[in-house]
Amino acid sequence: MIDKIKTLISEAEAFHTTSQQDLEAFRIRFLGKKGLLNGLFAEFKSVPNEEKKAYGQAINQLKTTAQDKVNSIKLELDKKSDDQGVFGDLTRPGEPMAIGSRHPISIVKNRIIDIFSRIGFNVSEGPEIEDDWHNFTALNLPEYHPARDMQDTFFLKSDSEMLLRTHTSSVQVRYMEQHKPPIRTISPGRVYRNEAISARSHCFFHQVEGLYIDKDVSFADLKQTLEYFTTEMFGKSKIRLRPSFFPFTEPSAEVDVYWGLETETDYRMTKGTGWLEIMGCGMVDPNVLDNCGIDSKVYSGFAFGMGIDRIALLLHQIGDIRLLSENDVRFLKQFQSAF
Ligand code: DAH
């Protein structure tokens, strides 16, 4: 009896196949309901007591050998069929490839660049790590100017002149230092402010700065340019300029675009006024021109600055600015765009 089981164990050990059917046949023969093992277990009763122990051990060994065999061959075959899935059938349709989407910040930035490039503005960039001169002093914010506090600055070291730029106006200065008028440039980029992170504000965000310098540039040119921009960007041409203050422009204004009050969303976005604030602007202060080596008696110009994140939130009705930097694919894949 035991010899018979030992022969079966060697048989099971020696078994190998590359076919699913043969493996299944093997499994049924050894481990199936009416298979060899169940038969042997059933015979256990009739085995003489003194042989029971050895008999029991032998059939248990047969059982694990057969079971291990089935498992290991099954693994091998499964792996093979996976490989064949990719390489075996060349007529198989390809796996669809997920198409990425542009980030909403890039979409808005590219649209702004496109709109201004159509009226002759080029794109310029500057460093995110700036010095005091380009971020503040040249922009008419001398050392103890109170307006410096308006922009909570990240300094690289407490005694350092170096900082993370708080606005892209620093690129104006760099551009004017290196180019002669006529100047028509926009400067998109990331800026940093030491602010608590919340749904409405972040310690970094993005701006586009605009600069136009030539002979006889007037406030009317600024207004025309802004009207062109809001028409192209939002499909709205009605704007208003509210007097404001920026150290680098004189006079200065804040620009509101008339959004309308047709829907509930319009009410919410404009807090019931119909007007939406979109940027700051003004005529470049003569001090700034002189600081940058441009003769303020010959040239004049205008500048403006707007927040890209803010416009992206408005256009897409996004309620939390933090979503723009979390890289959650479920959020990002909702933006498909030609820009
Ligand atoms: N730099 C300003 C800010 O960060 C925005 C700004 C306002 C830029 C008026 C300008 C300007 O060029 O003329 O809030």
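As the structure lists them, so they are numbered: ligands from 1, and atoms in each ligand from 1. Being a predicted model, the structure only gives us computed values, none of them experimental.
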Note: ligand 1 atoms sitting under 4.0 Å from heavy atoms of Q207 are 3 (C), 4 (O)

The side chain to side chain donor-acceptor pair (under 3.5 Å) partner of Q172 among H134, E209, E177 is E209

I want to know if ligand 1 touches T166 in the polar sense, i.e. an N/O pair below 3.5 angstrom. no

(Q) Is it the case that ligand 1 has an N or O less than 3.5 angstrom from some N or O of A303? (A) yes

Find out whether K297 and P286 are in side-chain contact, i.e. whether some heavy atom of one side chain is under 4.5 Å from a heavy atom of the other.
no

Note: M279, heavy atoms under 4.0 Å from ligand 1, region reported as neither

Contact region, M306 to ligand 1, non-hydrogen atoms below 4.0 Å, reads neither

Looking only at non-hydrogen atoms, the one of E254, E250, H167 nearest atom 1 (N) of ligand 1 is H167

So the atoms of ligand 1 within less than 4.0 Å of a heavy atom of S169 turn out to be 1 (N), 8 (C)

At under 4.0 Å between heavy atoms, what of F302 touches ligand 1? The answer is neither

| request: Say whether S170 and N135, considering side chains only, have a donor N or O and an acceptor N or O under 3.5 Å apart. | output: no

Ligand 1 to R193, heavy atom cutoff 4.0 Å, flagged ligand atoms 3 (C), 4 (O), 14 (O)

One finds that the ligand 1 atoms under 4.0 Å from a non-hydrogen atom of Q172 are 12 (O)

If we number the atoms of ligand 1 from 1 as shown, the ones under 4.0 Å from a heavy atom of F246 are 7 (C), 9 (C)

* Asked: Donor-acceptor pair, Y192 side chain versus L163 backbone, under 3.5 Å?
  -> no

Ligand 1 atoms nearer than 4.0 angstrom to some heavy atom of G305 are 6 (C), 8 (C), 10 (C), 12 (O)

Item to complete: Could you check N122 against Y175 for side chain to side chain contact (heavy atoms under 4.5 Å, CB included), going step by step and ending with a plain yes or no?
Response: CA-CA 11 Å; N122 68 6; Y175 200 88; 2.8 Å; yes

Practice task
Report the C-alpha distance between Y212 and F121 in whole Å, list the side-chain angles of each, state the deciding distance to 0.1 Å, and finish with yes or no for side chain to side chain contact (heavy atoms under 4.5 Å, CB included).
Solution key: CA-CA 8 Å; Y212 190 131; F121 281 73; 3.8 Å; yes

Within 4.0 Å of some non-hydrogen atom of G282, the atoms of ligand 1 are 13 (O)

Side chains of E277 and V257: closer than 4.5 Å at any heavy-atom pair? no

Check: Does NZ or CZ of K52 lie under 6.0 Å from the centre of the six-membered ring of F44, at an angle within 45° of the ring axis?
Finding: yes

ask   = Taking side chain as C-beta onward, heavy atoms only, is T225 less than 4.5 Å from F302?
value = yes

